[in-house]
Amino acid sequence: MLNWNIGSDFAQFIGFGNYVEWFNDPESARIVFTTLLYTVATVAGGMAIGLALALALNRKLFGRGIVRTVTFAP
């Protein structure tokens with residue numbers, strides 16, 4: 001709630017001015033949409049990759065023990 005620069009001795013009280021400016025900015029909706037899209041894509045992508053890896057490591061395939069060791073060792 002302050003307008004302050006690092007190293008400055010003076011801080012100006014602005015109240016909720018930053019929030020008012022952010023909600024009135026037309027770019028705010030695009031920023032929120034981009035953030036939500038990134039979040040959904042990374043969470044869903046990570047879950048899909050994890051599920052695929054778990055299913056692959058559960059099958060009886062040649063070299064499964066080596067792949068499990070490499071996967072779980074780190």
Side-chain angles (χ1 to χ4, degrees):
M1 309 263 209
L2 297 173
N3 185 15
W4 177 70
N5 293 324
I6 295 177
S8 174
D9 294 333
F10 178 72
Q12 178 184 9
F13 180 75
I14 57 172
F16 290 104
N18 286 337
Y19 295 105
V20 171
E21 182 179 339
W22 189 79
F23 281 111
N24 288 328
D25 188 4
E27 290 291 313
S28 296
R30 186 183 60 83
I31 292 168
V32 170
F33 175 75
T34 303
T35 302
L36 290 175
L37 181 65
Y38 174 78
T39 302
V40 168
T42 55
V43 169
M47 290 179 70
I49 290 171
L51 178 62
L53 184 61
L55 290 172
L57 291 176
N58 196 35
R59 293 181 177 232
K60 292 188 178 185
L61 298 173
F62 176 75
R64 177 176 70 167
I66 295 170
V67 175
R68 282 183 176 178
T69 303
V70 170
T71 303
F72 296 122

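Keep in mind that this is a model prediction, so the values were computed, not measured.
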Run the side chain to side chain contact (heavy atoms under 4.5 Å, CB included) test against V20 and tell me which residues pass, sequence neighbours left out.
N24

Residues in side chain to side chain contact (heavy atoms under 4.5 Å, CB included) contact with R59, at least two apart in sequence or another chain
L61

Which pairs pass salt bridge (Lys or Arg N to Asp or Glu O under 4.0 Å) with one or both residues in residues 19-35, sequence neighbours excluded?
E27-R30

Apply side chain to side chain contact (heavy atoms under 4.5 Å, CB included) to Y38 and list each qualifying residue two or more places apart in sequence or on a separate chain.
T42

Apart from V43 itself, which Ile, Leu, Val, Met, Phe, Trp or Tyr residues share its cluster (side-chain heavy atoms under 4.5 Å, direct or through members)?
M47

Side chain to side chain contact (heavy atoms under 4.5 Å, CB included) partners for V40, two or more places apart:
none

Could you list who else is in F62's hydrophobic cluster, with ILVMFWY side chains joined at under 4.5 Å, directly or through other members?
none

Hey, what else clusters with L55 if you join Ile, Leu, Val, Met, Phe, Trp, Tyr whenever side-chain heavy atoms sit under 4.5 Å?
L51

Cluster membership besides L37, Ile/Leu/Val/Met/Phe/Trp/Tyr side chains within less than 4.5 angstrom, sorted by chain and number, is F33

Ignoring hydrogens and angles, write down the donor-acceptor pairs under 3.5 Å from the side chains of residues 3-11, residues two or more places apart or on other chains.
from	atom 1	to	atom 2	distance (Å)
W4	NE1	S8	O	2.9
S8	OG	F10	N	3.2
S8	OG	F10	O	3.2

Gap between atom CE of M1 and atom CZ of F16 - 0.5 Å precision
3.5 Å

What is the distance from atom CG of N18 to atom CG of L2, rounded to the nearest 0.5 Å?
9.5 Å

By side chain to side chain donor-acceptor pair (under 3.5 Å) - contacts of Q12 (at least two apart):
none

Does any N or O in the side chain of S28 come within less than 3.5 Å of the main-chain N or O of F23, such that one atom is a donor and the other an acceptor?
no

